[in-house]
Every structure is written in C-alpha cells, then in structure tokens.
Number of protein chains: 2
Amino acid sequence: MPLLRLLPRRAWAALLSQLLRPPCASCAGAVRCQSQVAEAVLTSQLKARQEKPNFIIKIPKGTRDLSPQHMVVREKILDLVISCFKRHGAKVMDTPAFELKEILTEKYGEDSGLMYDLKDQGGELLSLRYDLTVPFARYLAMNKVKKMKRYHVGKVWRRESPTIVQGRYREFCQCDFDIAGQFDPMIPDAECLKIMCEILSGLQLGDFLIKVNDRRIVDGVFAACGVPESKFRAICSSIDKLDKMAWKDVRHEMVAKKGLAPEVADRIGDYVQCHGGVSLVEQMFQDPRLSQNKQALEGLGDLKLLFEYLTLFGIAEKISFDLSLARGLDYYTGVIYEAVLLQTPTQAGEEPLNVGSVAAGGRYDGLVGMFDPKGHKVPCVGLSIGVERIFYIVEQRMKTKGEKVRTTETQVFVATPQKNFLQERLKLITELWDAGIKAEMLYKNNPKLLTQLHYCESTGIPLVVIIGEQELKEGVIKIRSVASREEVAIKRENLVAEIQKRLSES
Amino acid sequence: MPLLRLLPRRAWAALLSQLLRPPCASCAGAVRCQSQVAEAVLTSQLKARQEKPNFIIKIPKGTRDLSPQHMVVREKILDLVISCFKRHGAKVMDTPAFELKEILTEKYGEDSGLMYDLKDQGGELLSLRYDLTVPFARYLAMNKVKKMKRYHVGKVWRRESPTIVQGRYREFCQCDFDIAGQFDPMIPDAECLKIMCEILSGLQLGDFLIKVNDRRIVDGVFAACGVPESKFRAICSSIDKLDKMAWKDVRHEMVAKKGLAPEVADRIGDYVQCHGGVSLVEQMFQDPRLSQNKQALEGLGDLKLLFEYLTLFGIAEKISFDLSLARGLDYYTGVIYEAVLLQTPTQAGEEPLNVGSVAAGGRYDGLVGMFDPKGHKVPCVGLSIGVERIFYIVEQRMKTKGEKVRTTETQVFVATPQKNFLQERLKLITELWDAGIKAEMLYKNNPKLLTQLHYCESTGIPLVVIIGEQELKEGVIKIRSVASREEVAIKRENLVAEIQKRLSES
C-alpha cells in the first residue's frame with residue numbers, strides 16, 4: 001500500500017485513531033470492514049493535504065537536474081565529440097530508453113544486478129538500457145545489418161551507489177562510436193584509438209595515456225598462470241579494479257572471495273605490473289608461458305600490427321601496452337583500451353582531481369551473434385567517451401578560474417525610456433525576430449530604463465535598441481553598445497541591416 | 001519468478017518433467033525441496049541455450065529504433081525549433097528521465113494511469129516522466145526559482161496503445177518552451193503564440209491555424225450551462241476529444257458515462273460550435289449567461305488584450321478563438337492553445353494526412369505552488385511542439401517525392417589504384433583528419449579502385465584523393481570530383497589547402 005508511505009506523521013496518528021474506533025455494525029465484528037478502512041485512509045489524506053505538511057520535494061537518488069549552466073558546458077563538449085565522430089564518417093542513431101529485460105541479461109558480467117527494471121504493468125518485462133553497446137548489437141542483429149559506422153549519444157542508467165563527489169550518477173550520458181563489419185585486421189581498431197586521441201587533445205584536458213591490451217592476452221595470462229577456465233570472467237572482473245584498488249586488495253579478493261589458489265594469484269601479479277610500448281609486445285612473444293598459448297599469440301600478433309598503424313596515425317607515443325588492463329564487461333573478445341588523464345596541472349587553489357578513465361572501449365566480435373537466431377556474427381569494435389567525467393573536470397576548472405558562461409545567446413535587447421511604449425517595443429522586436437535576430441525585452445508595460453540596461457549587463461546582451469518619444473517623432477532608433485555605453489541614432493528602416501552588420505563584425 | 005517466463009516451450013516441458021520426479025529423500029516428502037527446484041530450473045536453462053530456440057529479437061511494444069535516415073530528418077527539424085527558442089532568449093535545461101512517483105501523480109487528470117512505473121528494487125517509487133512540464137514546475141519549486149525562460153528537448157513515456165501508423169509511440173520526443181514568472185498580463189502568452197507561428201512557418205508544413213481559448217472561459221461555460229463543479233475536469237476531458245470525435249459521441253460520453261443531464265450537454269453544444277476572431281470575444285462579453293460569470297469575464301478580458309498583442313506581432317490572422325478547445329491536462333488555469341495544420345496540399349501520389357494538433361500549450365499558474373511547502377505560486381505559460389507528428393509528416397513527404405538525405409557528412413575519400421598502399425592511405429587520411437577535414441577510406445589492405453569510387457557515389461562523398469605509385473614518385477596527389485569525374489594532380493604539400501578551398505567554394 002504505497003499510498004500510506006506518503007502520509008506525514010500527524011496524518012498517520014489520525015489514521016490510527018480512526019482504525020481504533022469500534023468495529024462497524026454491519027460486519028461480524030471479528031475483522032474491520034473494508035469500507036471503514038477506506039474511509040479512514042481518505043480522511044487522513046484530506047487532513048494531510050489541509051495541514052500542508054513538510055512535504056519535501058526531491059529528485060530520485062543518484063540523479064540530478066542539469067541547469068542551464070551545466071547544459072551550456074555539456075553542449076560545447078558534446079559538439080566537439082560529435083564533430084570528431086562525423087569527421088570519421090559516422091552516422092547517428094538512437095534506440096529506446098528501455099529494452100526487453102532478456103536482451104540485457106547475461107551481457108554485463110558481475111554488474112547485471114545494477115539494472116533498473118520497469119514494473120510489470122501487465123505487459124512485457126522491461127529494463128532501462130545499461131549502456132549503448134548492447135542496444136547497438138541488438139539493432140544490428142534485428143535489422144540484419146552487416147556493416148555500419150555509427151555514433152550514439154544518450155542517457156543510460158545504472159543502480160550503483162552514487163559517489164556524487166566524483167561526478168558519478170545513476171543516470172548519465174554516454175557517447176559511443178562503433179564500427180561493425182568484417183574488415184582487414186586492426187584498421188578500424190586503430191581508427192578508434194585515433195578518435196580517442198583527437199577528442200582528448202581537442203578538449204585540452206591535459207596530458208593523457210591510452211592503455212591497450214587484448215582479451216585473448218588476458219585469458220592467455222590466466223591460462224598460463226593456472227586459473228581454471230570457469231573463473232576467467234570473475235578474475236577478469238577483479239583485475240579490472242586495479243585502477244581503483246591496490247594489488248594486495250585485488251589479490252585478496254581473488255583468493256578469499258573467488259577461491260583462487262594463492263600461487264596462481266602471485267603468478268598473475270607478475271604479469272599485471274608489465275606495461276610499455278611495442279617492445280613489450282615483442283618481449284611477451286618470447287615469454288615462456290605465454291608463447292605456449294595460441295590465443296595469446298593471436299592477441300600479441302594483432303597488437304603488433306596495431307602499433308604499426310598507430311605509428312602511421314602519429315599517436316603511438318600516446319599508447320601503452322598494459323597487462324593490468326582487463327575491462328569489466330563480459331562482451332569483449334579482442335583489443336581493449338582505456339584512456340586516463342596523466343595529471344591535472346595543479347594550479348593555485350585548484351583541488352587535485354582523481355578522475356580515472358575518461359574514455360574506453362574494445363572489440364566485441366561475439367555480441368551481435370548472441371542476438372542472431374542462427375548465431376551469425378558481426379565483428380564490432382568501438383569506444384565510449386566518459387563525457388560525465390569530462391563535464392565534471394571542465395566545470396571544476398571553470399569554478400576555480402571563476403569563469404562564467406552565458407546561458408542565453410540573445411544579441412539585442414529592445415528598451416524604452418518612456419511609459420506607454422509597449423506597443424512600439426512589440427512592433428520593433430517583431431522586426432528583429434522576423435529577421436532572425438535573437439532579441440529580448442522585459443514583459444512589463446512600463447519598465448524602468450535602468451532595470452532594462454541592468455538586465456543586459458547581467459545576462460551579457462551586447463546591443464540595446466532604444467525607442468522613445470523623440471525617436472518615434474524623428475523616425476530613428478538608438479543603438480547602444482552595452483560594453484562601451486556608446487549610443488548612435490540610425491534611421492528606423494536601416495535598423496535590421498545595421499544590427500546584422502554590427503553582429504557580423506563582433 | 002520472472003526467470004521462468006524466459007524459457008521457451010520445450011524448456012518448460014523439460015522443467016516440468018524434472019519437477020515430476022519423485023521427492024528427494026532428505027526432505028519429508030510432503031513438499032518439494034528448494035534444491036530440487038533450483039536444479040530443475042538450471043538444467044532447463046542450459047537445455048534452452050543449447051537448443052538455440054526460435055529466439056525472436058524484439059524491441060518493447062510501442063517503441064522503435066531511430067535509424068540514421070530518421071535521425072538526420074529529426075536533427076534538421078530540431079535545429080530549426082531550437083534556434084527559434086534561442087532567438088527568444090531561452091536557456092536550455094534537462095531533468096532526470098524518472099521522477100518520484102508522488103511528484104507525477106494527480107497532475108494529468110484521466111491520463112494518469114498511462115505512466116510507466118519502475119519496479120520497486122528496494123528504494124524509492126519512481127515513474128518515467130510523462131511530460132516535461134511537471135518536471136519543470138518541480139525544478140522551479142525545488143530550487144525556489146521565481147523567473148525563468150527555458151526550453152527542454154527530451155524523451156517522455158506514456159503507456160498508450162500505440163497507433164503507429166499515425167506516428168504515435170509510447171516513447172516520444174517533446175520540445176517545450178516555457179516562461180515562468182510574475183509579469184504584466186498576456187505579454188509572455190502572446191510571445192508563446194508568436195513562437196508557434198515562427199516555427200510552423202519556418203518548417204513549411206503548409207497553412208496552419210492556432211485555436212485559442214481560456215480555461216476560465218471553459219469553466220465559465222460549464223457553470224453557465226449548469227455543469228456541477230465536481231464534474232468540471234471530467235467534462236473538460238470529454239470536450240477535449242472534439243477534434244477526434246463527433247459532437248454526438250462526445251455528448252453521449254458526457255451523458256451516459258459521466259452522468260451529465262442531457263439538457264446541460266445540449267447547452268454546452270451551443271457554445272462549443274462557436275469560433276472566430278476578436279469579434280467573437282466581444283460577442284461573448286454580451287452573452288447573457290457568460291457575462292454573469294466573473295471567471296469567464298476575466299478570461300475574455302485577457303483574450304481581448306492577447307489579440308491586441310497578436311496584431312502587433314503580425315500574427316492575428318493565424319489565431320482563432322475557439323470555444324471547443326478545452327485541452328485534456330488538469331494543470332491549465334488560463335489561456336490555452338493548439339495549432340492544427342489546415343490542409344496538406346495533396347500532390348499526385350501523396351496520401352492524405354490527418355495529423356491533428358502539431359503544437360499546443362497554455363497557462364498553468366497553480367502547478368509550481370503544488371510543489372511548494374507553503375504553496376507559493378509561480379505563474380507559468382508555455383508551449384510544446386509536436387515534433388513527432390512533424391517528423392512523420394516530413395518523412396512521408398520525402399518518401400512521396402523520392403527525396404533522399406545523406407546520413408554522413410564525409411567530404412573526402414582516400415583511395416588508391418594499387419596494392420600495398422595501406423600505409424600511404426593511412427598517412428594521407430591522418431593529414432586530412434588533423435586538418436579538420438571529414439574523411440573516410442575503406443578498411444581493406446587492397447581494395448579495388450572501382451569499389452572505392454562506387455562507395456563515394458553511393459554515399460554522396462564529393463571528393464576523392466588518390467595516391468598510387470606514380471603520385472608517390474612525383475610527390476603529387478590526384479583530386480577527383482565524384483560528380484564530374486574530373487581529376488587534377490596537385491603537389492602533396494598543397495593538398496589540405498586545395499581541399500579546403502574546394503570545400504569552401506561548393
């Protein structure tokens with residue numbers, strides 16, 4: 001009876017006192033009749049409303065409103081990300097916010113419990129999407145699309161305990177770019193890394209590094225160290241925590257919680273501290289244990305080719321082959337990668353930031369096949385830009401620097417120094433709007449001139465056009481620059497042209 | 001046990017046969033033990049997977065994927081709508097996809113049952129947002145914002161039985177513009193109508209008309225006709241159906257289902273057929289019954305003022321005072337409006353369209369107060385553009401005309417006529433990307449030239465740059481125009497500049 005939860009304490013007391021009345025005459029007296037209960041609930045509800053209780057307006061846990069200040073920053077960042085995706089020939093698409101629950105289950109490994117399910121309201125069992133990758137794979141399989149380069153920007157939802165300080169929420173935006181199709185090895189994979197570099201450089205977030213590994217190498221290391229195959233994904237999920245947890249804690253989780261033999265864990269420990277460039281790839285080819293593993297050798301061969309292409313793209317020095325990179329999601333099958341910011345330049349008064357990964361992705365050649373009735377595979381590789389973390393970093397920097405952004409784009413304000421000039425202002429602003437000029441005025445019959453000019457200064461509107469008795473008589477309009485406070489009178493018929501000229505110059 | 005629903009029929013049979021085994025020895029035998037049931041479920045699941053059943057991939061009822069073709073059309077339309085909102089000085093904001101259920105209840109009248117609730121997963125009771133207006137009002141009250149002009153573009157969800165042919169879905173996009181704050185009467189209201197006109201003209205959807213009425217006039221008519229006050233909202237909801245149902249059916253609903261006296265219904269019938277310009281407003285001032293009603297007179301007074309402003313905005317001829325307009329939602333308190341397309345020019349082969357309302361809105365002065373603990377009111381007026389219907393109309397027209405849109409923006413394709421030129425292509429495309437040029441190439445080591453040129457033609461890429469043995473030797477690159485098939489060789493170092501020149505000319 002969720003209704004009752006909404007009642008404040010006093011209303012509860014009233015409800016209880018109603019329920020403690022003597023039983024009604026029409027029923028046997030052993031149990032309280034339905035009508036009495038219903039009446040009591042209704043009375044309490046009405047009472048609660050009249051009392052105007054301390055009704056606290058909230059938004060759901062782990063979510064937030066995005067104010068205009070937030071949105072302006074986000075839109076600038078998203079514009080840069082999207083223009084990079086378009087530069088690489090991607091199309092845009094969208095999928096519903098929710099999917100049939102069975103589409104999403106068993107795709108995310110240990111994280112599956114964090115899905116938001118919809119209530120069964122007499123129809124299908126639905127869940128809010130958890131990422132944009134599984135819906136993309138479902139789309140490809142459902143429409144029998146064998147080849148596609150697309151980007152997708154949209155919200156996803158995860159019921160994680162939110163650590164809001166770090167900019168993590170239960171509702172957040174993802175920006176994904178993926179290439180589906182059967183192509184020659186490592187060419188699309190290298191392009192994904194190139195895109196990550198272009199975006200992170202373009203956003204000027206400071207120095208960054210992209211860690212690269214391959215699921216076949218991860219599994220090869222596990223096999224070489226003696227991890228039973230049934231524990232591969234669980235151990236992978238533990239290794240994935242190495243960017244947030246110390247090795248000894250990860251080791252403890254693997255041994256104590258996941259039942260791995262201590263000596264196996266220690267062997268893994270030797271590998272996961274290795275990172276380097278293409279020379280580490282060569283070195284691993286010689287590794288006595290790893291070189292026995294067919295899968296690992298395939299992964300190493302692909303990484304070698306990948307580094308060749310990354311050199312041609314001019315980004316090899318940004319990439320580090322890192323054996324500690326595992327990636328938590330179940331669906332990866334080949335190359336995996338994750339970009340981290342190396343260090344935020346700590347300026348005076350700026351808080352040090354620890355934001356971890358800002359972009360990640362990898363190859364998932366089996367996911368589409370899971371949705372195809374005949375298991376037909378469509379190989380895919382893609383990346384996701386961690387825009388929420390990037391929004392957070394940029395906002396923090398602006399706060400530190402005291403930077404402000406305009407939240408409107410208004411170019412011209414229509415003002416009057418006299419009373420009873422509403423009609424003239426309305427005619428004037430119509431001319432501007434109809435010419436495509438962004439214009440505002442105050443919604444007052446007789447605003448004070450000072451109030452009008454103050455509004456322009458506080459909202460950053462650069463130009464004011466002023467109409468009063470004198471201007472009307474002379475057939476002119478005054479144009480005032482808010483910054484310089486200079487005013488010039490121009491013929492009314494030249495107004496739009498003059499304003500367009502000024503706006504194009506600025 | 002939702003798990004069981006996912007099992008196909010054959011797996012069900014297997015599960016049942018397992019359950020019909022003799023009871024296990026360790027339990028009393030009266031009831032089946034938990035472990036046996038769990039084992040049976042697991043076995044059936046595994047069986048189901050191995051059998052690769054006719055697993056049908058679907059998306060939730062009433063939803064759809066938006067392909068790149070859809071998205072390109074939508075983005076063009078949304079750009080036009082948003083640039084109009086910005087022209088009028090609006091800021092942008094966003095709210096979470098779901099709200100606490102109690103925020104949304106009792107705001108929408110008869111439609112409340114159509115909300116999507118989230119499953120109670122041990123936290124708050126949540127529902128997906130049903131429109132963008134209630135979240136906006138909640139935002140204003142929660143943040144004690146007294147004044148704001150904002151737009152909001154986002155998805156909303158309603159569990160209506162979808163009539164997909166007409167472009168109605170359970171998940172759809174809304175585009176809202178609202179002005180909150182205490183201002184002089186009818187100035188923001190008139191601007192909302194101006195915005196609707198600008199957008200509908202800009203989209204070139206054909207001739208349109210905006211019906212205007214006022215909730216106080218609607219209620220005044222009801223009072224004057226003898227509707228009991230307790231039935232006002234229910235009767236209002238019936239009147240709202242007049243654009244889809246004949247008067248006699250609406251009358252039947254009011255009398256038979258909502259218990260209205262037939263003579264009262266007939267009196268309403270006399271009013272709801274009235275529509276006209278400002279002269280009808282004057283006429284209604286003289287109406288013997290209506291002129292006795294204080295609320296109705298206030299509404300008529302405001303409409304008179306509204307028409308004055310609409311004339312100054314140059315849009316009065318687009319507006320019709322229409323007493324049949326009621327608007328279904330509970331929260332309106334003053335002026336209400338709804339834009340309808342008058343007629344789609346029926347061209348040869350074009351199917352006649354009946355799309356109804358394409359934009360609507362009104363004044364809601366009480367909604368914010370419902371969220372404020374002290375009931376402080378923030379008057380609001382706003383509009384919502386029916387973008388889904390507009391998308392549908394534009395897509396239908398394009399289909400009829402055989403118009404196609406490019407779904408990518410790629411400007412240059414990097415091709416080679418020779419084998420073993422992947423490395424050179426990768427170097428060349430890097431130069432283009434790094435110069436901000438939108439470029440693609442095939443992800444093949446040795447693609448055929450014809451395949452490469454065909455890709456450009458089919459995707460609409462205007463320019464090809466070609467590198468082969470000869471070009472490499474001479475230090476040149478060939479630029480080919482896909483349309484004219486003309487080719488010129490230019491020095492490699494001039495490539496980016498030459499391409500930028502060509503792109504700026506086209």
Side-chain angles (χ1 to χ4, degrees), chain A residues 2 6 52 54-55 57-61 63 65-68 71 86-87 89 91-98 100 102 116-119 121 123-126 138-139 141-142 150 155 159 171 183-184 187-188 309 312-314 371 373 407-410 423 426-427 430 433 438 440 443-445, chain B residues 2 6 54-55 57-61 63 65-68 71 86-87 89 91-98 100 102 116-119 121 123-126 138-139 141-142 150 155 159 171 183-184 187-188 309 312-314 371 373 375 407-410 423 426-427 430 433 438 440 443-445:
Chain A
L6 306 179
K52 283 251 171 235
N54 263 339
F55 177 75
I57 336 161
K58 285 190 304 181
I59 55 170
K61 196 178 159 191
T63 68
D65 293 314
L66 294 169
S67 70
M71 289 297 281
K86 285 183 175 172
R87 189 158 62 240
K91 306 172 177 189
V92 58
M93 59 166 279
D94 193 20
T95 65
F98 40 74
L100 295 181
E102 60 191 279
Y116 275 101
D117 293 337
L118 270 71
K119 192 170 153 186
Q121 290 172 294
E124 301 151 319
L125 293 177
L126 306 171
R138 191 266 308 146
Y139 175 87
M142 198 172 117
R150 78 91 180 81
K155 289 179 176 180
R159 293 177 52 252
E171 172 181 81
F183 301 111
D184 282 331
I187 312 178
Y309 297 158
L312 293 164
F313 281 153
F371 296 116
T407 52
T408 57
E409 297 178 8
T410 310
Q423 294 207 344
L426 291 175
K427 277 197 271 182
T430 304
W433 285 334
K438 295 168 191 160
E440 280 185 84
Y443 302 124
K444 292 226 158 244
N445 290 320
Chain B
L6 304 180
N54 262 340
F55 177 74
I57 335 161
K58 286 191 302 183
I59 54 170
K61 198 178 159 191
T63 68
D65 293 314
L66 294 169
S67 69
M71 289 297 281
K86 286 184 176 172
R87 191 158 62 240
K91 305 170 178 190
V92 58
M93 59 168 277
D94 193 20
T95 65
F98 40 75
L100 295 180
E102 61 191 279
Y116 275 100
D117 294 337
L118 269 70
K119 192 170 152 186
Q121 290 173 292
E124 302 152 319
L125 294 177
L126 307 171
R138 190 266 307 146
Y139 175 87
M142 198 170 116
R150 80 90 180 81
K155 287 179 176 182
R159 293 178 49 252
E171 171 180 82
F183 302 110
D184 283 330
I187 312 178
Y309 297 158
L312 293 163
F313 280 153
F371 295 115
T407 52
T408 57
E409 297 178 9
T410 310
Q423 294 206 344
L426 290 175
K427 279 195 270 180
T430 304
W433 286 334
K438 296 169 190 159
E440 281 185 83
Y443 302 124
K444 292 225 159 246
N445 290 320

Requested in this report: Sort E124(A) into side chain, backbone, both or neither according to what part of it lies under 4.5 angstrom from a heavy atom of chain B.
Outcome: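 Only the side chain of E124(A) comes within 4.5 Å of chain B.
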Query raised in the report: Which answer fits L426(A), side chain, backbone, both or neither, if we ask what part of it has an atom under 4.5 Å from a heavy atom of chain B?
Result: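 Both parts, heavy atoms under 4.5 Å.
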**Report entry** Contacting region of L100(B) [heavy-atom separation from chain A under 4.5 Å]
**Finding:**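 Answer is both: backbone and side chain atoms of L100(B) are under 4.5 Å from chain A.
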Query raised in the report: Which of parallel (below 30°), tilted (30 to 60°) and perpendicular (above 60°) describes F98(A) and Y116(B)?
Result: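 F98(A) and Y116(B): tilted rings.
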Check [X] against [Y] and note the closest heavy-atom contact, atom names and distance.
X	Y	answer
F313(B)	W433(A)	CE2-CZ3, 3.6 Å
R138(A)	D65(B)	NH1-OD2, 2.6 Å
T410(A)	G89(B)	OG1-CA, 3.4 Å
K86(B)	E409(A)	NZ-OE2, 3.0 Å

**Report entry** Pairwise distance OH(Y139(B)) to CG(L66(A)) - rounded to 0.5 angstrom
**Finding:**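 Answer rounded to 0.5 Å: 9.0 Å.
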Query raised in the report: From R150(B) CZ over to T408(A) OG1, what is the distance, rounded to the nearest 0.5 angstrom?
Result: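 Output value for this atom pair is 15.5 Å.
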Query raised in the report: Looking at R87(A), K58(A), K438(A), which one has more heavy-atom pairs under 4.5 Å with chain B than the rest?
Result: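 It is R87(A).
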Query - Sequence-distant partners of D117(B), salt bridge (Lys or Arg N to Asp or Glu O under 4.0 Å), two or more places apart - result: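 Partners of D117(B) under the salt bridge (Lys or Arg N to Asp or Glu O under 4.0 Å) test: K119(A), K101(B).
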Requested in this report: Please name all residues satisfying salt bridge (Lys or Arg N to Asp or Glu O under 4.0 Å) with E171(A), sequence neighbours left out, ordered by chain then number.
Outcome: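 Partners of E171(A) by the salt bridge (Lys or Arg N to Asp or Glu O under 4.0 Å) criterion, ordered by chain and then number, come out as K155(A).
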Requested in this report: Dump the intermediate steps for side chain to side chain contact (heavy atoms under 4.5 Å, CB included) on N445(A) and I187(B), then the final yes or no.
Outcome: CA-CA 9 Å; N445(A) 290 320; I187(B) 312 178; 4.0 Å; yes
Query raised in the report: Side chains of P68(B) and M93(A): closer than 4.5 Å at any heavy-atom pair?
Result: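 SC-SC contact between P68(B) and M93(A) confirmed.
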Report task. Give a yes or no on this: more than 12 heavy atoms of other residues, nucleotides or ligands lie within 6.0 Å of atom CD of Q423(B). Result ->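 No.
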Query raised in the report: Taking every heavy-atom pair that is under 4.5 Å apart, which of T407(B), L312(B), T95(B), L126(B) has the most such pairs with chain A?
Result: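 Max contact count across the listed options: L312(B).
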Query raised in the report: For chain A, which of Q121(B), R159(B), K444(B) has the most heavy-atom pairs under 4.5 Å?
Result: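 Maximum pair count with chain A is reached by Q121(B).
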